[in-house]
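In what follows, a structure is listed as structure tokens, so that the remarks can point back to it.
Residue numbering restarts at 1 for every chain, and letters A, B, ... go by the order of the sequence lines.
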Number of protein chains: 2
Amino acid sequence: MVTKQFTGSPDEADLRRADSLAREIFADVANKWALLIIEALGERTLRFSELLGEVEGISHKMLTQNLRMLERNGLAHRKVHPTVPPRVEYSLTEPGLALRRTVDTMCDWTHRYLGHIEASRSRFDA
Amino acid sequence: MVTKQFTGSPDEADLRRADSLAREIFADVANKWALLIIEALGERTLRFSELLGEVEGISHKMLTQNLRMLERNGLAHRKVHPTVPPRVEYSLTEPGLALRRTVDTMCDWTHRYLGHIEASRSRFDA
DNA sequence: CAGGATCCTACTGGATACTG
DNA sequence: CAGTATCCAGTAGGATCCTG
């Protein structure tokens, strides 16, 4: 489980707070776009427009929204070059890189079980 | 990236198909409820009603929906006991267990960086 | 080029009631 | 108890227009 149960311990309130925070973070991060962005940024630093092309199917709006969220949580770093036209580069922070490693294993998993899953689907759909 | 680019190879069509399948599976699995259910089932086999209680905040409908999806993809196994009242038990299959390991590391990640993230949020919100 | 704001649609997901 | 069906509200998310 994401959350562990603490009952009756001294600073129970603090622990419950950490608990709900953990759930919030998990909900932030456990979504398709966020994970795909993290995966893309793991390769190298990317500009906004590059990400838009790199993350298959994402819209302008969703990209901005998720980048803000990642920045707020300290997973991505936003570097603005004060040039004209503006140039903004996104990269992963240490926590972001750590998360990226687990996303990697998720991608590996996907490819490893592709066959199993496709077979299971055919069986189920029958 | 989830998807790798193959261009000009012999059976390019097959690879593109596998590609889009991979993205589909990733989208199925990379969602809050699916991951939380997998995490819960990792502990032990659970009945429908037990899952409902175990997965914090999930609704009846979302649970059914996600369980069907997990079953279809061959990640969860559904065992019906022909008793009355009915008793249905869900457990993880081998692929499901494998995925569960990566979900575990994601949960660990969440708890490890809780402090970093909370601090980053305060900074950002100011 | 990066990205905010707005509008609008479509789907997600909750509550509730019904069946085996 | 497990699961389906229906209805409905909220929101995710696309398209578009506008600024520095």
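- Whole-Å rounding puts the A:Leu51 CG to C:dG3 P distance at 10 Å.
- Looking at the side chain of B:Met62, the nearest of the listed nucleotides C:dG13, C:dG20, C:dC1 is C:dG13.
- Using a cut-off of 4.0 Å between Lys/Arg side-chain N and Asp/Glu carboxylate O, A:Asp108 and A:Arg112 are scored as not salt-bridged.
- Without hydrogens or angle criteria, B:Ser91 side chain to B:Thr45 main chain gives no donor-acceptor distance under 3.5 Å.
- For the residue pair B:Asn31 / A:Asn31, no side-chain donor-acceptor distance below 3.5 Å is found, with atom types taken as modelled.
- Closest-nucleotide positions on DNA chain D for B:Phe48 and A:Asn66 were compared, and the one nearer the 5' end corresponds to B:Phe48.
- For the salt bridge (charged side-chain N to carboxylate O under 4.0 Å, His left out) with A:Glu39, the lone residue among A:Arg100, A:Lys32, A:Arg44 that qualifies is A:Arg100.
- Computed from coordinates, the A:Arg68 CZ to C:dA2 C1' distance equals 9 Å when rounded to whole Å.
- Taking for each of A:Gln65 and B:Tyr90 the nucleotide of DNA chain D with the nearest heavy atom, the 5'-most of the two is the partner of B:Tyr90.
- In the set C:dG13, C:dC7, C:dC1, C:dC7 carries the atom at the smallest distance from any side-chain atom of A:Lys61.
- Boundaries of the chain B contact region on DNA chain D are D:dC1 to D:dC7, first to last in 5' to 3' order (nucleotide atom under 4.0 Å from a heavy atom).
- Ring geometry for B:Tyr113 versus B:Trp109: interplanar angle of 30 to 60°, hence tilted.
- For the helix from C:dC1-D:dG20 to C:dG20-D:dC1, the end axes, each set by the C1' atoms of five terminal pairs, are bent relative to each other by 40° (nearest 10°).
- Nucleotide C:dG3 holds its P atom 13 Å from the CG atom of A:Leu70, rounded to whole Å.
- Counting to the nearest Å, the P atom of C:dG14 and the CG atom of B:Leu63 are 11 Å from each other.
- Scanning both residues, A:Ala30 and B:Met106, for their nearest heavy atoms gives CB-CE, 3.9 Å.
- Atom CZ of B:Arg68 has more than 12 heavy atoms from other residues, nucleotides or ligands within 6.0 Å.
- Taking 4.0 Å as the cut-off between side-chain N and carboxylate O, A:Glu118 and A:Arg121 do not count as a salt-bridged pair.
- For B:Phe48 and B:His60, the gap between ring centers is short of 6.0 Å.
- The distance from atom CG of B:Leu52 to atom P of C:dG13 is 15 Å, rounded to the nearest whole Å.
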